[in-house]
Amino acid sequence: MKRLQALRPEFFTRDPRHVARDLLGKILVRRQGHQTLTARIVETEAYLGKGDPAAHSASGRTPRNAVLFGPPGCAYVYFIYGNHYCLNVSCLPDGEAGGVLFRALEPVTGIARMTQNRGLQPHRSKTGLSPADLRRLANGPGKLTQALAITRAHNGLNLTDSTQVLYLADDGSPKPRAKTTPRIGISKATSLRLRYLIADNPFVSKP
DNA sequence: TTATAGATTGCCT
DNA sequence: GGCAATCTATAAT
């Protein structure tokens, strides 16, 4: 496979809204054992450090959300609803809170391993997984972490370092057409349109 | 020390 | 569309 260029820290030293928009179409790379799993980012949400009551950083720094206040380009992984992990990347300079939540991915390589990680039956046929099976692999924030075997062990990881087991990369594909909607699953600041998705992409969590 | 809400998912009707 | 499952960080006592 062509070697992918990791996104640089400067990419994340910006307003989370811009980062969330520009991450659409980029690649999340996961090295699991000797395998490399890759997936295209098709849906994100921005969480602002200041003036965003829905953000985990809203009421100040705690042990849990410390990564959001740290240097840009690092993984913030948290456990939610007793069952799921969610993956974010920190934004803005060190000391300033902000992040982007990954909400959906389009699987590219390592699909068999992702299916296994998700605990799904590999409904194989001559054409491989059905389109529906492929979609349910990573079309949600909890699903994508499970598909890529991301846990709290990855919290704080530098996602701009291509020698890590998890990082963000640019494969040179053109900038996709983006759409915005209100964020999903929150109860505060519900009117802000901080959810970004690739228009017409079937791998998003909800249209 | 205890209570509770939560950036979800999958199964049920 | 409704709701239970299942953990835990954080706030309240």
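Quantities reported herein were computed from a predicted structural model and do not represent experimental measurements. Residue numbers begin at 1 in each chain, while the letters A, B, ... track the order of the sequences.
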Engineer: Side chain of A:His84 only, please: which of C:dT10, B:dT8, C:dT8 is the nearest?
Structural biologist: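 Looking only at side-chain atoms, A:His84 lies closest to B:dT8.
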Engineer: When you check the phosphate oxygens OP1 and OP2 of C:dC7, does a side-chain N or O of A:Arg152 lie under 4.0 Å from one of them?
Structural biologist: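 Result: no.
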Engineer: Considering only side-chain heavy atoms of A:Arg118, which listed nucleotide, B:dG10, C:dT10, B:dG6, is closest?
Structural biologist: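 The answer is B:dG10.
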Engineer: Could you tell me the separation between the OH atom of A:Tyr81 and the P atom of B:dG10, rounded to a whole number of Å?
Structural biologist: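 Roughly 15 Å, once rounded to whole Å.
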Engineer: side-chain contact (heavy atoms from CB on, under 4.5 Å) between A:Val165 and A:Leu157: does it pass, once the steps are laid out?
Structural biologist: CA-CA 9 Å; A:Val165 296; A:Leu157 216 65; 4.0 Å; yes
Engineer: Taking for each residue the nucleotide of DNA chain B bearing the nearest heavy atom, is the 5' side occupied by A:Ala55 or by A:Gln146?
Structural biologist: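 Result: A:Ala55.
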Engineer: For A:Arg64 and A:Arg152, run side-chain contact (heavy atoms from CB on, under 4.5 Å): C-alpha distance rounded to whole Å, both residues' side-chain angles, the deciding distance at 0.1 Å, then the answer.
Structural biologist: CA-CA 11 Å; A:Arg64 178 218 208 183; A:Arg152 66 175 98 234; over 6 Å; no
Engineer: Taking only side-chain N and O atoms of A:Lys188, does any of them lie within less than 4.0 angstrom of OP1 or OP2 on B:dA7?
Structural biologist: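 No.
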Engineer: Using atom CD1 of A:Ile80 as one end and atom P of B:dT9 as the other, report the distance to the nearest whole Å.
Structural biologist: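 Rounding to the nearest Å, CD1 of A:Ile80 and P of B:dT9 are 11 Å apart.
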Engineer: Anything under 30° is parallel, anything over 60° is perpendicular, the rest tilted; go ahead and classify A:Tyr76 against A:His56.
Structural biologist: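 Plane angle over 60°, so perpendicular.
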Engineer: Can you tell me how far C1' of B:dG6 sits from OH of A:Tyr76, to the nearest Å?
Structural biologist: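 My rounded result for the distance is 11 Å.
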Engineer: Considering only side-chain heavy atoms of A:Asn83, which listed nucleotide, C:dT10, B:dA7, C:dT6, is closest?
Structural biologist: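 Ranking C:dT10, B:dA7, C:dT6 by closest atom to the A:Asn83 side chain puts C:dT6 first.
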Engineer: Does A:Ser187 put a side-chain nitrogen or oxygen below 4.0 Å from OP1 or OP2 of B:dA5?
Structural biologist: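 Result: no.
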Engineer: Starting at atom NZ of A:Lys206, determine the distance to atom C1' of B:dT8, rounded to an integer number of angstrom.
Structural biologist: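 It works out to 9 Å between those atoms.
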Engineer: Going by modelled atom types, is there a donor-acceptor pair between the base of C:dA9 and the side chain of A:Tyr78 at under 3.5 Å?
Structural biologist: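 Check fails, no donor-acceptor contact within cut-off.
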Engineer: Kindly check if the number of other-residue, nucleotide or ligand heavy atoms within 6.0 Å of CD (A:Gln5) is above 12?
Structural biologist: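 Not buried by this count: 12 neighbours or fewer within 6.0 Å.
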Engineer: How many whole angstroms separate atom OH of A:Tyr85 from atom C1' of B:dA7?
Structural biologist: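 Atom-to-atom, A:Tyr85 to B:dA7, this comes out as 16 Å.
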Engineer: Verify, without hydrogens or angle tests, whether A:Arg103 (side chain) and A:Glu43 (backbone) share a donor-acceptor contact under 3.5 angstrom.
Structural biologist: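 Not a single qualifying donor-acceptor pair exists.
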Engineer: Whole angstroms only, please: what is the CG-P distance between A:Leu68 and B:dA7?
Structural biologist: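 Atom CG in A:Leu68 sits about 12 Å away from atom P in B:dA7.
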Engineer: Would you mind telling me which of B:dG10, B:dT8, C:dA9 lies closest to the side-chain atoms of A:Lys143?
Structural biologist: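 Closest of the options to the side chain of A:Lys143: B:dG10.
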Engineer: Mind checking A:Arg183 for me? I need base, sugar-phosphate or nothing, with any heavy atom below 4.0 Å counting as a touch.
Structural biologist: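 No contact.
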Engineer: Is there a Watson-Crick or G-U wobble partner for C:dC7 with both distances under 3.5 Å, and if so, which one is it?
Structural biologist: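 With both distances under 3.5 Å, C:dC7 matches B:dG6.
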Engineer: Taking the six-membered ring for Trp, does A:Tyr47 stack with B:dA7 (centroid gap under 5.5 Å, planes within less than 30°)?
Structural biologist: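 Check passed, A:Tyr47 stacks on base of B:dA7.
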Engineer: Could you state the CZ-P distance from A:Arg136 to B:dC11, rounded to the nearest angstrom?
Structural biologist: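 These atoms are roughly 10 Å apart.
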Engineer: A:Ile184 has an atom CD1; how far is it from atom C1' of B:dG6, in whole Å?
Structural biologist: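 Taking atom C1' of B:dG6 as the reference, CD1 of A:Ile184 is at 16 Å.
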